[in-house]
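Let me begin by presenting the structure, written as structure tokens, before commenting on it.
What you see is a predicted model; the values in this text were computed from it and never measured. Chain naming here is simple, since letters A, B, ... match the order of the sequence lines and numbering starts at 1 in each.
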Amino acid sequence: MINQKIAKIFYQMAEYYVMDDVAFKPQAYERAGRLIESMEEDLEEIYKKGGAKALMEIEGVGQGIADKIEEFIKAGKIKEYEKLRKDCPVDLEHLSAIEGIGPKMIKVLYEKLKVKTVEDLEKAAKKHLVQKLPRFGPKVEENILRGIEFSKGDKGRFLLGYILPLARQIEKRLQDLDFVERAVAAGSIRRKKETIGDIDILAISDKPEKVMEHFCAMPEVEEIIAKGETKSSVRLDIGLDADVRVLPSESFGAALQYFTGNKDHNIVLRKMAQDKRLKLNEYGLFRGKKQVAGKTEEEVYKILGLKWMEPELRENTGEIEASRGSELPKLVGYKDVRGDLQMHSDWSDGAHSIEEMAQAAKKLGHEYIAITDHTGELRIAGGMDEKTILKYFAEIEKIDKEQKGIRILKGLEVNIRKDGSLDISDEILAKADIVLASVHSNFKMSVQDITERICCAMENPQVDIIAHPTARVIQRRSGYEVDFAKLLECAKRTGTVLEINAYPDRLDLNDVHIKKAVQAGVKLSIGTDSHSKTQLGNIELGIVQARRGWAEKKDTINTMGYEELVKFLKNEK
DNA sequence: GCCGTTTTCGGCCCGACTGTTTTCAGTCG
């Protein structure tokens with residue numbers, strides 16, 4: 001996949017054009033980069049199928065940029081980019097990653113001090129050469145050194161599951177102040193993106209200065225990056241930035257909309273406003289100086305001719321068009337999910353007993369759970385042999401009878417071998433209520449082989465669900481490469497369900513895959529893959545992921561009642 | 001360089017904060 005490489009080049013070209021004060025090109029290249037980066041189709045494939053013409057079908061890609069992509073595919077480089085880089089041969093990627101450093105400053109640093117890399121910059125700053133440059137000063141120099149120090153540390157994005165509790169704590173902390181009317185975590189947290197780059201808090205208050213005080217004095221704050229009258233920015237001890245913005249009550253809806261984003265969604269909205277001779281900003285929707293909407297998100301969207309849409313949808317991936325045509329999905333709700341369909345007990349590698357898991361799940365309000373311990377060859381995870389499995393089934397049946405208010409399905413997570421066969425006989429599998437099959441090893445196979453391997457498992461009438469279908473682990477491994485279209489086709493034909501694994505660093509399937517599955521009419525199941533009763537709450541992350549993939553109640557089998565689900569599992573294949 | 005249910009030319013999203021300046025450029029989101 002060359003998309004990321006090309007996106008990176010376009011980002012850098014955008015910065016070079018900023019250096020040279022070229023108008024409008026930077027935005028064009030940046031936008032193209034952003035859109036290419038988030039595309040799921042490989043640019044090379046698109047080009048192979050339809051040439052430069054097909055490339056120009058892509059949003060943000062016109063003649064000029066299509067030519068550049070074509071050039072990169074054919075020659076492995078882009079002349080225009082090489083020329084820009086020759087004029088200013090600096091490590092743009094890492095220099096501009098330093099907080100507070102942008103293209104203009106990088107240009108001056110290169111021209112006056114020959115700074116090419118972050119190391120050069122650090123040396124120059126330590127020698128106090130930086131503060132002597134025009135429009136630079138001692139504070140800038142100090143900030144540069146701090147920025148470099150920070151960029152050396154463990155930075156980057158954080159898992160939603162890890163940040164959500166912290167964001168909610170900050171939210172509540174501000175909300176509890178008597179001069180704060182409301183406090184909401186907006187941004188990517190409200191959109192529930194799988195990873196989070198910073199925490200954006202919106203607060204409604206008529207005492208902004210007091211909110212600033214409280215926010216900057218939170219115990220997690222390690223450094224105050226900016227502290228203004230209505231906006232502050234801090235660095236938290238975990239290495240994540242948090243911003244707060246205070247607005248008046250009458251702007252709440254517009255502000256919430258604005259700070260929820262995403263950026264592209266907002267740009268489209270603001271253009272729509274312009275077309276209606278209106279202006280949209282965080283204070284409201286304005287005709288001249290008159291605010292025509294702003295108190296609620298609904299009214300902002302309504303005046304723009306749109307229906308309100310769930311934050312999870314706001315990625316400018318078709319939701320605006322859907323909203324205009326009243327074709328928005330009715331996303332599966334948090335209360336629609338009635339059970340958890342993957343978890344482990346101490347019969348394999350889980351920390352708690354079946355009974356403890358059941359009781360904890362009941363407390364969460366689940367009507368049923370599936371205990372799905374590991375089998376056979378997965379010894380490292382305490383995989384059970386066939387004799388043990390029979391005892392395990394008996395134990396589940398016994399506990400199921402004893403428990404009141406929750407039903408327990410006899411489940412297994414079987415291993416898909418390299419050749420696509422399973423590590424447990426069909427005879428034993430037939431005794432289970434629910435069978436998950438998944439790949440745990442030998443990821444490095446060709447696309448065709450891995451696809452065939454999984455399809456082979458789906459052909460088995462005993463297999464109900466493919467668990468964590470792509471095996472990715474966020475920020476650690478990308479998973480195997482698989483022909484997802486073929487997987488969907490096979491799942492549809494064989495009546496196999498695909499899992500949305502809700503484990504915080506898996507979230508597998510991802511939103512793009514889910515959307516495709518929904519379109520293909522393939523059913524989904526949500527499982528937390530809990531290895532401890534404390535992880536059962538991750539079900540929320542699975543629902544979140546389903547929602548980001550435009551899944552509705554009917555698409556997810558966890559929304560069925562117990563009886564209906566049992567019937568479904570019996571007859572699906 | 002992109003884009004068009006008014007347009008193939010003439011627009012292009014908007015505002016806060018900082019540090020350096022005496023009115024604003026640069027950066028960020």
Side-chain angles (χ1 to χ4, degrees), chain A residues 10 13-19 21-35 55-69 80 95-109 130-144 146-147 186-188 197-202 208 212 216 224-234 241-247 251 254-255 257-286 304-305 316 321 324-325:
Chain A
F10 285 171
M13 287 178 75
E15 300 213 315
Y16 279 127
Y17 287 128
V18 174
M19 285 183 195
D21 272 322
V22 179
F24 303 113
K25 272 197 196 187
Q27 292 90 316
Y29 273 95
E30 203 194 303
R31 185 166 116 95
R34 222 170 36 235
L35 293 167
L55 293 174
M56 284 171 69
E57 303 277 305
I58 301 166
E59 273 241 15
V61 177
Q63 185 73 60
I65 288 183
D67 287 348
K68 304 284 189 299
I69 298 172
E80 177 80 15
L95 282 170
S96 54
I98 299 169
E99 173 114 33
I101 302 286
K104 299 275 179 154
M105 290 167 91
I106 292 173
K107 188 183 188 190
V108 175
L109 288 164
V130 172
Q131 56 171 289
K132 296 199 180 74
L133 299 172
R135 283 209 146 266
F136 285 67
K139 288 218 167 153
V140 170
E141 191 175 78
E142 204 180 300
N143 284 341
I144 285 174
R146 257 214 303 272
S188 51
D198 58 13
I199 300 179
D200 286 306
I201 304 278
L202 164 65
M212 296 300 109
C216 293
I224 297 168
I225 299 167
K227 186 175 172 187
E229 285 170 38
T230 63
K231 179 183 168 178
S232 288
S233 215
V234 298
D241 290 351
D243 299 337
V244 70
R245 187 69 193 277
V246 180
L247 284 114
S251 297
Q257 193 289 314
Y258 177 87
F259 290 110
T260 298
N262 76 358
K263 196 182 173 109
D264 290 320
H265 178 97
N266 282 358
I267 288 174
V268 173
L269 254 51
R270 264 170 267 153
K271 282 184 179 158
M272 288 176 70
Q274 276 191 329
D275 289 346
K276 292 182 188 290
R277 297 179 170 274
L278 299 167
K279 186 176 76 170
L280 177 61
N281 58 29
E282 61 265 51
Y283 295 100
L285 193 52
F286 295 89
L304 294 177
N316 194 29
E321 295 76 0
R324 201 186 278 130

**Request:** Identify which nucleotide among B:dG1, B:dG15, B:dT20 has an atom closest to any side-chain atom of A:Tyr29, counting heavy atoms from C-beta outward.
**Result:** B:dG1
**Prompt:** Are OP1 or OP2 of B:dG1 and a side-chain N or O of A:Lys25 less than 4.0 angstrom apart?
**Reply:** yes
**Message:** From C-beta outward on A:Arg135, which listed nucleotide comes closest to its side chain: B:dC24, B:dA16, B:dG1?
**Reply:** B:dC24
**Item:** B:dT22 and B:dG26, which share atom name P, separated by this distance in whole Å
**Value:** 14 Å
**Request:** Scan A:Tyr258 against the nucleic acid and name what it touches under 4.0 Å (heavy atoms): base, sugar-phosphate only, or nothing.
**Result:** base
**Asked** If you check every side-chain atom of A:Ala226, which of B:dG26, B:dC17, B:dG1 has the closest atom?
**Response** B:dC17
**Prompt:** Looking at the side chain of A:Val140, which of B:dG26, B:dT20, B:dG15 is the nearest nucleotide?
**Reply:** B:dT20
**Request:** Ignoring backbone atoms, test whether A:Lys263 places a side-chain nitrogen or oxygen under 4.0 Å from the OP1 or OP2 oxygen of B:dC28.
**Result:** no
**Request:** Using a strict cut-off of less than 4.0 Å between a Lys/Arg side-chain nitrogen and an Asp/Glu carboxylate oxygen, indicate whether A:Asp200 and A:Arg245 qualify as a salt bridge.
**Result:** no
**Prompt:** Taking only N and O in the side chain of A:Gln274, is any of them less than 4.0 Å away from OP1 or OP2 of B:dC14?
**Reply:** yes
**Prompt:** Of the candidate nucleotides B:dG19, B:dC2, B:dT6, which contains the atom at the shortest distance from the side chain of A:Lys139?
**Reply:** B:dG19
**Complete:** Picking from B:dT27, B:dG19, B:dA16, the nucleotide nearest the side-chain atoms of A:Lys104 would be B:dT27
**Message:** A quick test of your reading: do over 12 heavy atoms of other residues, nucleotides or ligands sit less than 6.0 Å from CD of A:Glu229?
**Reply:** no
**Prompt:** For B:dC14, does OP1 or OP2 lie under 4.0 Å from any side-chain N or O of A:Asn266?
**Reply:** no
**Request:** Tell me what A:Glu282 touches on the nucleic acid: a base, only sugar-phosphate, or nothing, going by heavy atoms under 4.0 Å.
**Result:** sugar-phosphate
**Request:** For the side chain of A:Thr230, starting at C-beta, report the closest nucleotide among B:dA16, B:dG19, B:dG1.
**Result:** B:dA16
**Asked** Could you give the NZ-to-P distance, from A:Lys107 to B:dA25, as a whole number of Å?
**Response** 16 Å
**Asked** Out of B:dG15, B:dT27, B:dT20, which has the shortest distance to the side chain of A:Arg245?
**Response** B:dG15
**A:Arg277 or A:Asp200, whichever maps to the more 5' nucleotide of DNA chain B** = A:Arg277
**Asked** Of the nucleotides B:dG1, B:dG15, B:dG29, which has the atom closest to the A:Asp198 side chain?
**Response** B:dG29
**Request:** With C1' as the reference atom in both, quote the distance from B:dA16 to B:dG10 in angstrom, rounded to an integer.
**Result:** 30 Å
**Asked** Do NZ/NE/NH1/NH2 and the carboxylate oxygens of A:Arg146 and A:Glu99 come within less than 4.0 Å?
**Response** no
